[in-house]
Number of protein chains: 2
Amino acid sequence: MAEAEKQVAEEDVLTPRQREILRVLVQEYIDTAVPVGSATIQRIGGLGVSSATIRNELARLEELGYVAQPHTSAGRVPTVKGYRYFVERLMEQVELPLPEQRMIRHQFHQLQLNLDQWMRLTAAVLAHTARSASLVTPPHAVNSRFRHLELISIHDTVCLLILVLQDGSIHQEMLGLSQPIAQEELSRTSSKLNTLLRNRTVREIRESTNPELTGLRGWEAQVLQRVLELMERADRRAVSEIYRDGLINVLRQPEFGSIEKFRRVVEILEHRRFLEPILTRTLNASGVQIIIGGEGPYEEIYDVSLVLSPYGVRGKASGVLGIVGPTRMPYARAISAVRYVAHLMDNLIAEVYGE
Amino acid sequence: MAEAEKQVAEEDVLTPRQREILRVLVQEYIDTAVPVGSATIQRIGGLGVSSATIRNELARLEELGYVAQPHTSAGRVPTVKGYRYFVERLMEQVELPLPEQRMIRHQFHQLQLNLDQWMRLTAAVLAHTARSASLVTPPHAVNSRFRHLELISIHDTVCLLILVLQDGSIHQEMLGLSQPIAQEELSRTSSKLNTLLRNRTVREIRESTNPELTGLRGWEAQVLQRVLELMERADRRAVSEIYRDGLINVLRQPEFGSIEKFRRVVEILEHRRFLEPILTRTLNASGVQIIIGGEGPYEEIYDVSLVLSPYGVRGKASGVLGIVGPTRMPYARAISAVRYVAHLMDNLIAEVYGE
DNA sequence: TATTGGCACTCAAAAGTGGTGATTGCTAAT
DNA sequence: ATTAGCAATCACCACTTTTGAGTGCCAATA
């Protein structure tokens with residue numbers, strides 16, 4: 001198995017004892033937020049060696065870049081590389097405790113299936129379960145297909161345009177018309193377009209040579225134009241909207257005693273520019289993704305981590321959900337929470353959107 | 001006039017000089033966040049008296065509860081009572097500078113009128129203009145009237161129910177049907193209901209004795225039931241959704257060097273339990289409301305203030321917008337920003353929703 | 001050769017120290 | 001009623017000292 005091979009290959013770099021020391025150190029640091037010294041590891045680690053031996057091993061781990069000292073006379077803290085090794089090889093995968101699973105399922109079952117409420121609930125449940133800030137994007141199809149158009153007269157020259165796509169997303173917009181149009185005429189046009197466009201993608205519609213479509217003029221052409229624009233926007237913005245919750249949980253973390261680090265979390269959550277590429281990437285991945293701040297392309301968000309997972313039915317309707325917290329995060333719990341909720345969403349999506 | 005009487009009555013308590021001293025003190029404290037001493041007031045206040053006199057007056061103001069000393073050898077800071085007096089009687093009302101007005105108008109005119117984007121923009125503009133955290137609730141009608149229903153088959157036994165009310169709000173919900181229903185039949189029912197319910201309130205529908213309505217059975221009755229429930233929920237929850245922005249601005253305030261006070265701001269913004277009653281109250285008030293934390297029913301949110309205003313067309317569609325910040329807030333600017341944006345919204349709402 | 005006890009060393013954090021200056025309240029003079 | 005003058009207060013700052021957790025290294029040990 002590739003898995004086993006990888007593990008063997010890794011043993012060339014870290015001995016089992018070093019791995020155990022690293023595991024204990026990261027776990028302890030996650031629990032206490034205090035740099036961990038050799039004596040502490042000896043006390044709670046249960047490996048039968050003296051603190052001097054552990055010191056030697058720690059020196060080696062530091063050379064290799066897995067741990068670092070905030071200052072000479074302090075214990076060690078994990079580096080980004082250390083966290084990465086921990087979450088990939090050392091951490092014990094746990095399932096979310098059954099009572100919590102039951103509670104979450106219960107909450108989801110009580111729900112009337114309104115997309116907006118549903119997303120909110122998901123964000124709230126994630127935040128509560130992982131005790132950190134959460135984010136959720138609504139399920140979204142890749143090449144959305146037209147499903148239904150509705151034009152409702154608001155007054156003479158303004159109508160409300162409601163567009164429903166096959167992924168169930170609803171897009172609305174006020175439309176100023178070039179001339180006064182009555183409701184009857186609006187209805188006639190919308191039912192015409194409903195027939196012409198049904199189940200088509202933007203591309204198909206644009207390439208159509210159907211004279212009924214290409215021949216549209218005046219306000220009707222205007223409506224079609226807006227419909228296409230809305231569909232394109234929906235396609236382009238894989239991440240349409242982001243539901244958030246639980247920011248307050250992050251404030252409880254001791255590392256945010258000073259404002260600066262906390263600011264980064266708020267910035268990540270408020271500014272799409274960070275999230276958009278990360279979420280898009282997650283959408284196309286599979287399984288729980290762990291992004292540790294400071295690594296590779298994520299230098300800017302040093303000491304903030306994200307645990308994200310795609311959910312939904314691939315190619316039909318999928319979204320991303322996950323949590324944001326300090327690098328020093330209880331990953332085991334976070335991952336199990338994210339994974340469980342994502343699975344639950346997979347099922348719900350399959351139930352609602354497809355067979 | 002009641003206004004004038006009140007002012008006269010108040011002059012019994014505070015002499016003109018005391019008022020001027022209080023005004024200078026609060027203004028200076030708002031600007032600098034540093035306790036203000038008698039010398040400072042003498043220097044910048046321009047009242048032709050010595051600092052000793054000012055000290056005497058300050059002692060009196062302290063007795064009366066308008067100012068307080070953080071410790072014996074420090075200057076004075078305003079109390080909640082002091083702030084209240086300041087915003088109601090001493091502060092000079094200013095208009096938002098014209099260039100800013102122009103910029104805001106410009107942003108609103110560029111907008112395609114989608115409610116969701118609109119609310120977001122409003123929150124963003126408020127946050128930016130008042131340099132603080134902002135919140136906005138969408139416009140909402142009191143006794144909403146039915147406008148349009150659309151049923152879209154998702155698969156056999158699930159359909160998407162879209163309900164448009166007269167205030168332009170759109171409500172959607174997935175509906176599990178008791179039996180498989182085809183799209184044609186869904187359409188027939190929705191157009192029937194559209195005729196029967198058009199422009200009616202929940203109350204009117206419930207009290208109707210029209211046999212076409214009371215005679216509905218099976219899944220059709222189920223649909224009607226859900227429509228009524230949705231309409232009732234829309235009526236009941238005056239504050240449906242809250243758009244927020246600009247939290248990051250609050251982090252810049254020096255008083256949030258420690259986390260504790262900041263936490264309160266986040267709590268207010270995240271938990272509806274604080275906001276709901278405040279917003280509902282504001283909705284029924286008129287003009288800009290200033291809520292100073294620690295006062296009366298708002299003890300819990302000590303040292304956080306809100307500047308809120310209702311907007312929209314009374315009885316037709318109205319909402320609340322405003323900002324949240326530290327008690328030590330540039331009220332003049334905040335109020336002018338909130339007032340200006342609220343007026344702008346009044347006009348936009350009138351333009352879109354009515355004559 | 002790996003492990004260990006012992007020990008000198010380091011250094012951040014906590015506790016202590018004294019000086020500074022802003023500010024007050026009080027008093028006596030105007 | 002107002003003011004100048006002045007002693008008293010006390011947070012704040014810069015500085016020093018103390019403390020102790022923790023390290024690195026070395027010589028002894030298995």
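Computed from a predicted model, the values in this text were never measured in an experiment. Below, all heavy atoms of this structure are taken into account, side chains as well, without hydrogens, waters or symmetry copies. Within every chain, numbering begins at 1; the chains are lettered A, B, ... in the order of the sequence lines, protein sequences first and strands thereafter.
- Within residues 23-32 of chain B, no residue has any heavy atom closer than 4.0 Å to DNA chain C.
- Rounded to a whole Å, the CD atom of A:Gln69 is 10 Å from the C1' atom of C:dT10.
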Per-pair distances, 0.1 Å, donor-acceptor, side chain in residues 24-35 of chain B, under 3.5 Å, sequence neighbours excluded:
residue: B:Gln27; atom: NE2; partner: B:Asp31; partner atom: OD1; Å: 3.3
residue: B:Thr32; atom: OG1; partner: B:Glu28; partner atom: O; Å: 2.9
residue: B:Thr32; atom: OG1; partner: B:Val34; partner atom: N; Å: 3.3

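- Here the closest heavy-atom approach between residue B:Val324 and residue B:Val250 is recorded as O-CG2, 3.9 Å.
- In this structure, the side chain to side chain contact (heavy atoms under 4.5 Å, CB included) partners of B:Arg43, at least two apart in sequence or on a different chain, are B:Thr40.
- Under the rule for a side chain to side chain donor-acceptor pair (under 3.5 Å), the partners of A:Ser305 that lie at least two apart in sequence or sit in another chain are A:Tyr331.
- With sequence neighbours excluded, no residue satisfies side chain to side chain contact (heavy atoms under 4.5 Å, CB included) with A:Thr72.
- Against DNA chain D, the stretch residues 70-80 of chain B makes heavy-atom approaches under 4.0 Å through B:His71, B:Thr72, B:Ser73.
- In this structure, the side chain to side chain donor-acceptor pair (under 3.5 Å) partners of A:Arg328, at least two apart in sequence or on a different chain, are A:Gln253, A:Glu255.
- Not counting sequence neighbours, the partners of A:Gln93 by the side chain to side chain contact (heavy atoms under 4.5 Å, CB included) test are A:Met91, A:Ile335, A:Arg339.
- Within residues 47-62 of chain B, the residues approached by DNA chain D to less than 4.0 Å at the level of any non-hydrogen atom are B:Gly48, B:Val49, B:Ser50, B:Ala52, B:Thr53, B:Arg55, B:Asn56, in residue-number order.
- Checked against side chain to side chain donor-acceptor pair (under 3.5 Å), B:Arg264 has the following partners two or more places apart in sequence or in another chain: B:Asp303.
- Atom CD1 in B:Ile21 sits about 15 Å away from atom P in C:dT23, given to the nearest Å.
- Taking A:Glu295 as the reference, A:Arg84 meet the side chain to side chain donor-acceptor pair (under 3.5 Å) condition, with sequence neighbours excluded.
- Screening residues 62-83 of chain A for salt bridge (Lys or Arg N to Asp or Glu O under 4.0 Å), with sequence neighbours left out, gives A:Arg60-A:Glu63, A:Glu62-A:Arg76.
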